[in-house]
Each structure stands twice: as C-alpha cells, then as structure tokens.
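Here, residue 1 is the first one in the sequence, and each next residue gets the next number. This is a predicted model, so every value here is computed, not measured.
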Amino acid sequence: MKSFVFSMERMRNYKEQLLDGEKGTLRRLRQERDAISDRIAALQTFRRTTDTEFQARQKAGVSYLEIQSFQFRMENARMTLKQLRQELEKANEAVEAQLQVVIQASQEVSGLDKLEEKQQETYRQQANAESREQILEQVSNKESRKRQQA
C-alpha cells in the first residue's frame, strides 16, 4: 500500500501562512497598544511630579508667570492624556478585532488538522484491513499446500 499523503496539505500550509501573518499583525497591534499605555503612564507620572513640584514652590511663593507656565503644562498634559486615551481605546478595539481574525484563522487550520487525523485513521484502517487480508491469504495458501501434500 502506498504511503499516506494528506490531500489538503497545500491548503493547510497556505492557511498556516495566513495564520502566522495574522499573528504577526496581532503582535504589532499589541506592541502599539502597550506603547500608548506606556506613554499614558509616563504622562500621568509627569503630571503628578509637576503638581507636587508646583505645590512645593507655591509655599515659597511663585510669580504669575510661573503659575501660567504650570497651568499651560498641566492643560497640555491633560489634553495629551485625553488624546492618548482615545488612541488607547481605538488600539484596544483593533487588538480585539485582530484577535477574532486570529481565532478564525486558527480554527480553519485546526479544522484541516482534524481532517488530516480522520484521513490518517481511515488510511490506517485500510492498511490494517489489507494487512489482515494478506495474512489470511498466506495462511490459507499454507493450509492449502499442507492439504495437497498430505
């Protein structure tokens, strides 16, 4: 009997390549999302540090110009945080959408893997049946020869 060959091997290889590409896209989107999160954390730290610094300087007395500078920096940081949070929300949505694409592609590959397993099992059953048939034929021939000799 000829050796087993999965009939959908090329299709599975193609689907695996697509899956790998989709996983790469997901990895990139997660990195972008994490970078945005890092920027948000850094900006929040900046705001806290700036506020603490300003409060300490207020006790010693600050000029109107310093107050305006502080307010400008805080307002700028607030606006940037607002924008980054919107970007983070969009990035989270993009990651979730891409995750669904990866899951779908993974299910397609998994389906082809299961199909291969079924085909292999059918092949094994056929090979076992063929082997049993050959053994029975050999035993039968051996018995026939013994009877003819006797």
Side-chain angles (χ1 to χ4, degrees), residues 1-57 68-150:
M1 183 168 203
K2 64 180 182 172
S3 63
F4 174 76
V5 177
F6 180 47
S7 63
M8 302 289 284
E9 185 69 30
R10 291 180 68 198
M11 175 64 81
R12 184 179 55 200
N13 289 342
Y14 173 72
K15 294 285 185 180
E16 284 176 342
Q17 286 177 350
L18 289 178
L19 176 60
D20 290 343
E22 296 299 345
K23 283 181 178 179
T25 300
L26 179 61
R27 221 176 357 265
R28 181 183 53 77
L29 289 172
R30 283 180 172 164
Q31 287 173 343
E32 289 173 7
R33 180 195 60 192
D34 293 345
I36 293 170
S37 292
D38 291 346
R39 288 176 57 200
I40 288 173
L43 198 52
Q44 288 172 332
T45 300
F46 169 79
R47 285 188 74 192
R48 282 191 301 274
T49 304
T50 302
D51 188 49
T52 303
E53 178 185 310
F54 183 72
Q55 287 177 8
R57 293 189 65 194
Q68 281 186 321
S69 173
F70 169 76
Q71 287 176 341
F72 175 77
R73 285 185 286 163
M74 292 303 279
E75 181 63 19
N76 188 31
R78 186 187 68 76
M79 295 296 286
T80 304
L81 269 174
K82 182 179 177 182
Q83 179 186 1
L84 285 173
R85 286 185 179 124
Q86 289 172 348
E87 288 179 25
L88 182 61
E89 187 176 319
K90 288 179 184 177
N92 281 328
E93 290 171 2
V95 165
E96 188 58 37
Q98 186 62 28
L99 183 58
Q100 295 306 315
V101 170
V102 168
I103 288 170
Q104 178 64 35
S106 179
Q107 288 172 344
E108 289 175 9
V109 170
S110 177
L112 290 171
D113 288 342
K114 288 178 184 175
L115 178 61
E116 180 182 23
E117 288 173 15
K118 287 179 184 178
Q119 285 184 1
Q120 280 182 330
E121 183 58 32
T122 302
Y123 172 81
R124 275 190 231 104
Q125 289 173 352
Q126 289 174 348
N128 287 340
E130 191 175 299
S131 178
R132 270 182 263 144
E133 199 174 292
Q134 287 175 353
I135 291 171
L136 285 174
E137 188 176 312
Q138 288 174 357
V139 168
S140 176
N141 286 340
K142 193 174 184 179
E143 288 297 318
S144 292
R145 280 188 235 126
K146 278 185 184 179
R147 287 186 199 156
Q148 288 176 355
Q149 289 176 357

Euclidean distance, T50 OG1 relative to M74 CE, rounded to 0.5 Å = 6.5 Å
query = In chain order, what residues pass the side-chain hydrogen bond (donor to acceptor under 3.5 Å, both in side chains) check against E143, with sequence neighbours excluded?
reply = none
query = For the residue pair A105 and L19, what are the closest heavy atoms and their distance?
reply = CB-CD1, 3.8 Å
query = So how far is it from R145 CZ to S140 OG, rounded to the nearest 0.5 Å?
reply = 9.5 Å
note = The complete set of salt bridge (charged side-chain N to carboxylate O under 4.0 Å, His left out) pairs with one or both residues in residues 87-103, sequence neighbours excluded, reads none
ask   = How many angstroms lie between atom CD of E53 and atom CZ of F46, to the nearest 0.5 angstrom?
value = 8.5 Å
task = For S106 and V102, indicate whether the former's side chain and the latter's backbone hold a donor-acceptor pair under 3.5 Å.
result = no
message = Is it the case that over 12 heavy atoms from other parts of the model lie below 6.0 angstrom from the CZ atom of R57?
response = no
note = d(S37 OG, R85 CZ) to nearest 0.5 Å is 11.0 Å
remark   = The side chain to side chain contact (heavy atoms under 4.5 Å, CB included) partner of E121 among Q119, E117, Q125, K118 is Q125
Donor-acceptor contacts, no H, no angles, side chain residues 10-17, under 3.5 Å, sequence neighbours left out:
{"residue": "R12", "atom": "NH1", "partner": "D113", "partner atom": "OD1", "Å": "3.2"}
{"residue": "R12", "atom": "NH1", "partner": "E116", "partner atom": "OE1", "Å": "2.2"}
{"residue": "R12", "atom": "NH2", "partner": "E9", "partner atom": "OE1", "Å": "2.7"}
{"residue": "R12", "atom": "NH2", "partner": "E9", "partner atom": "OE2", "Å": "3.1"}
{"residue": "R12", "atom": "NH2", "partner": "E116", "partner atom": "OE1", "Å": "3.3"}
{"residue": "N13", "atom": "ND2", "partner": "E9", "partner atom": "O", "Å": "3.4"}
{"residue": "K15", "atom": "NZ", "partner": "E108", "partner atom": "OE1", "Å": "2.9"}

request  = Find the distance between CG (L99) and CG (N92) and round it off to the nearest 0.5 Å.
outcome  = 11.5 Å
task = Count the heavy atoms belonging to other residues, nucleotides or ligands that lie under 6.0 Å from CD of E133, then report whether that count exceeds 12.
result = no
message = Keeping E22 on the side-chain end and Q98 on the backbone end, is there a donor-acceptor pair under 3.5 Å?
response = no
remark   = Here the pair of heavy atoms bringing L112 nearest to F6 is O-CZ, 3.3 Å
inquiry  = I'd like to check T45 versus R48 (side-chain heavy atoms, cut-off strictly below 4.5 Å). Are they in contact?
reply    = yes
message = Which heavy atom of L84 sits nearest to which heavy atom of I36, and what is that distance?
response = O-CG2, 3.5 Å
Counterpart residues, side-chain hydrogen bond (donor to acceptor under 3.5 Å, both in side chains), relative to Q107 (two or more places apart) = none
ask   = For R47, which residues count as a side-chain hydrogen bond (donor to acceptor under 3.5 Å, both in side chains) partner, sequence neighbours excluded?
value = none
key: Pair listing, salt bridge (charged side-chain N to carboxylate O under 4.0 Å, His left out) test, anchored in residues 28-46, at least two apart   = R28-E32
task = Drop me the distance from I40's CD1 to K82's NZ, to the nearest 0.5 angstrom.
result = 14.0 Å
